[in-house]
Number of protein chains: 2
Amino acid sequence: MRTAAERLGYSTNRLARGLRRQTTETIGMVVPDIANPFFPAVIKAVETEARSVGLTLLLCDSGNDVAQEADALRRLVDHQIDGMIISVCDRIASRQAVAFTADRLPLVQIDRQTVGGSGYLVGVDQVDSVNRILRHLREQGYRRYAYITAGLEISTARQRLEAFVAHLRSSDPGVERRVLVGEFSIEWGYEATRRLLEAGSGQDEQLPDALVCADDLIAVGAVQCLRQRGIRVPDEVAVTGFDDTVLATASRPQLTTVRQPLDLLGRAAVGLLRRAIQEPRMPARSTVLPAELVVRESSVRSNLPAKLPRTM
Amino acid sequence: MRTAAERLGYSTNRLARGLRRQTTETIGMVVPDIANPFFPAVIKAVETEARSVGLTLLLCDSGNDVAQEADALRRLVDHQIDGMIISVCDRIASRQAVAFTADRLPLVQIDRQTVGGSGYLVGVDQVDSVNRILRHLREQGYRRYAYITAGLEISTARQRLEAFVAHLRSSDPGVERRVLVGEFSIEWGYEATRRLLEAGSGQDEQLPDALVCADDLIAVGAVQCLRQRGIRVPDEVAVTGFDDTVLATASRPQLTTVRQPLDLLGRAAVGLLRRAIQEPRMPARSTVLPAELVVRESSVRSNLPAKLPRTM
DNA sequence: GTGAAAGCGCTAACAT
DNA sequence: ATGTTAGCGCTTTCAC
């Protein structure tokens, strides 16, 4: 019978049904930048999980813009979705729109989150991730670290920076470190590296020998700049990325990076959201998943054995 | 007053409004694979344009699966969107779901299209693109071409293949050419190249000296395989991609590729859709935009001057 | 001008 | 089991 109805071209009007039942079996998702290859991977994970439990995912891109993000949230809410999954673009400035939204429907924050950490949160352990990178670089004999990052209004970028600083402060109090703040892009990775090299010209030994980058895009830009100046990666300078996007294996040398468990992340976010939808007064809850260090060419010296040189 | 209402936390229920007005100021978009970096770029272009004219874009991924695509279309239609923009996953098998959808609302096909070409279409001139690649390779002195492509159920892959064959048939009737059909992925690019090398071992002069790849992912895989075997790109073998994704500049050597005018594509698709929404009986219409060849390192011999060797 | 009423397509509750 | 009715929140119409 249902098939008969379908054959006749009938299909139920979800608008009307939603109006009556007050549920649309649809959830919204807002991401900061769909052009950043990390987010399509997150989206895929969330959508796969959503579909498998019968939910439609409606997606919007906020273009790293708080106003646009607020607009996308409002529009999705107005569409009477049942819940929202969001990766916010600004840990402070996004709070208002997030609060507004969370006020009228269940909302789960995934990956990039607002400060304060109230509500339902799903993310990856950034501190642990950075520690793994730094331990690895140290084992490979690299000593003078620089951190190239996107703007610190992005929660993950800031967490990684704080972890970077804290780690070095405790493990190598006197160690060289520099921090450059920009954005998640190849261009910025290139530019930041250019600035590092420029600043260090004349006193070559002061140049960092390891560039810790806040994502793969930045790392690719860094590698490009180094190669262009004839600086060998990883023999002279190591470069690490973050996210294990398709770029990590496409670039030369292949990037050492941190792989986040996206499937688990998506599953956790959708699961949490569904529980919140079923149980309106569910208490706040936060899930933190561990990431995995993927060691590739960009941080393993090829001609030198991987040994620890003596510290002075 | 409107601000006052908003301050009180009121926001209009688009479901109810849509039910009454029979319009939701929302359009749907379905793409075959959001993980393929080409599509986020297309999505961005479409969404930017949609937002600028006051339309919300609701996005679904069909995961290269016809059933999932049909499901996404149905769900979006059921949400009473005003129109649909789709890049289909199968030029034949997607026809039914597309027809079903186009039957109840305006639908514009973008990039990958169903065969027959009825309705509203927006795409890029694939024949011209391939011709530009082949003319360029010929000018650079490459002679033995292979084409590595995704499945021919994808309209653009097939058009490119047909153009490849037609071009070589007319310009170089006796020229060496081979075609390998797989999917849009780095893995396939690698595997296809491995097969080419394997088949050619023992008779080295039969190996192709130019690998024309149906997208950047495939090209990256091809380059990886060649480098691993110690075959120099572009000095011994040229590799070209398609789409000018972020991969093209991230990979080493940087890829010669075809850049599609995505902004224009997005603008054309949204414009066409809006006109079709306003004027229900608007006649079918097809827009074909020219693409641009971007020459980078992977097809320009570095040590040899770019000259035409004599044909035998 | 302002206000009341009908109805979009559906479903849940109620009546038969 | 099957049929009928009321109403979800909005907009449009029609009456005042």
Side-chain angles (χ1 to χ4, degrees), chain A residues 1-28 50-51 53-58 60 70-84 97 99-107 273-274 276-281, chain B residues 1-28 50-51 53-58 60 70-84 97 99-107 273-274 276-281:
Chain A
M1 168 148 173
R2 166 167 280 211
T3 16
E6 276 173 15
R7 238 173 269 284
L8 257 86
Y10 172 83
S11 89
T12 136
N13 181 332
R14 286 182 120 75
L15 233 64
R17 168 199 277 185
L19 189 56
R20 179 67 242 235
R21 294 216 310 196
Q22 302 293 56
T23 166
T24 51
E25 278 145 19
T26 299
I27 60 177
R51 180 191 331 279
V53 298
L55 294 170
T56 305
L57 184 71
L58 299 184
C60 284
D71 192 55
L73 285 171
R74 255 193 68 115
R75 280 176 178 267
L76 283 168
V77 169
D78 291 349
H79 266 282
Q80 305 303 105
I81 56 171
D82 295 344
M84 185 82 75
F100 176 90
T101 309
D103 221 50
R104 44 217 87 202
L105 48 74
L107 177 148
L273 187 58
R274 289 180 72 210
I277 290 170
Q278 279 178 6
E279 188 189 331
R281 291 273 161 254
Chain B
M1 169 146 175
R2 168 167 280 211
T3 15
E6 276 173 13
R7 240 174 265 285
L8 256 87
Y10 171 82
S11 88
T12 137
N13 181 334
R14 287 184 119 74
L15 234 63
R17 167 198 279 185
L19 189 56
R20 181 65 242 240
R21 295 216 309 196
Q22 302 293 61
T23 166
T24 51
E25 279 147 16
T26 299
I27 61 178
R51 181 192 328 281
V53 298
L55 295 170
T56 305
L57 184 71
L58 298 183
C60 283
D71 193 53
L73 285 171
R74 254 193 68 111
R75 281 176 176 267
L76 282 169
V77 169
D78 291 349
H79 266 282
Q80 304 303 105
I81 55 171
D82 295 344
M84 185 82 75
F100 176 90
T101 308
D103 220 50
R104 43 218 86 204
L105 47 75
L107 178 148
L273 186 57
R274 289 179 72 209
I277 289 171
Q278 280 178 6
E279 187 190 331
R281 292 273 161 253

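Numbers restart at 1 for each chain; the letters A, B, ... are given by sequence-line order, proteins then strands.
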side-chain contact (heavy atoms from CB on, under 4.5 Å) against A/Q278, all qualifying residues, sequence neighbours excluded: none

What's the NE2-P distance between B/H79 and C/dC8, to the nearest Å? 22 Å

Among all residues two or more places apart in sequence or in another chain, which pass the side-chain hydrogen bond (donor to acceptor under 3.5 Å, both in side chains) test with B/N13? none

Tabulated below should be each protein N or O lying under 3.5 Å from an N or O of nucleotides 3-7 of chain C; please produce it.
none

Can you find a side-chain donor-acceptor pair between B/H79 and B/T26 that sits under 3.5 Å? no

Estimated bend of the helix from C/dG1-D/dC16 to C/dC14-D/dG3 (axis per five terminal pairs, rounded to 10 degrees): 50°

First and last nucleotide of DNA chain D in contact with chain A, 5' to 3', at under 4.0 Å to a heavy atom: what are they? D/dA6 to D/dG9

Partner residues of A/T101 under the side-chain hydrogen bond (donor to acceptor under 3.5 Å, both in side chains) criterion, sequence neighbours left out: none

5' priority, DNA chain C, between A/R21 and A/L15 [closest heavy atom]: A/L15

Looking at residues at least two apart in the chain, or sitting in another chain, which of them share a side-chain hydrogen bond (donor to acceptor under 3.5 Å, both in side chains) with A/R274? none

Using the side-chain contact (heavy atoms from CB on, under 4.5 Å) criterion, which residues pair with A/R20? Sequence neighbours excluded. none

Applying side-chain hydrogen bond (donor to acceptor under 3.5 Å, both in side chains), can you list everything that pairs with A/D78, at least two apart in sequence or on another chain? B/S11

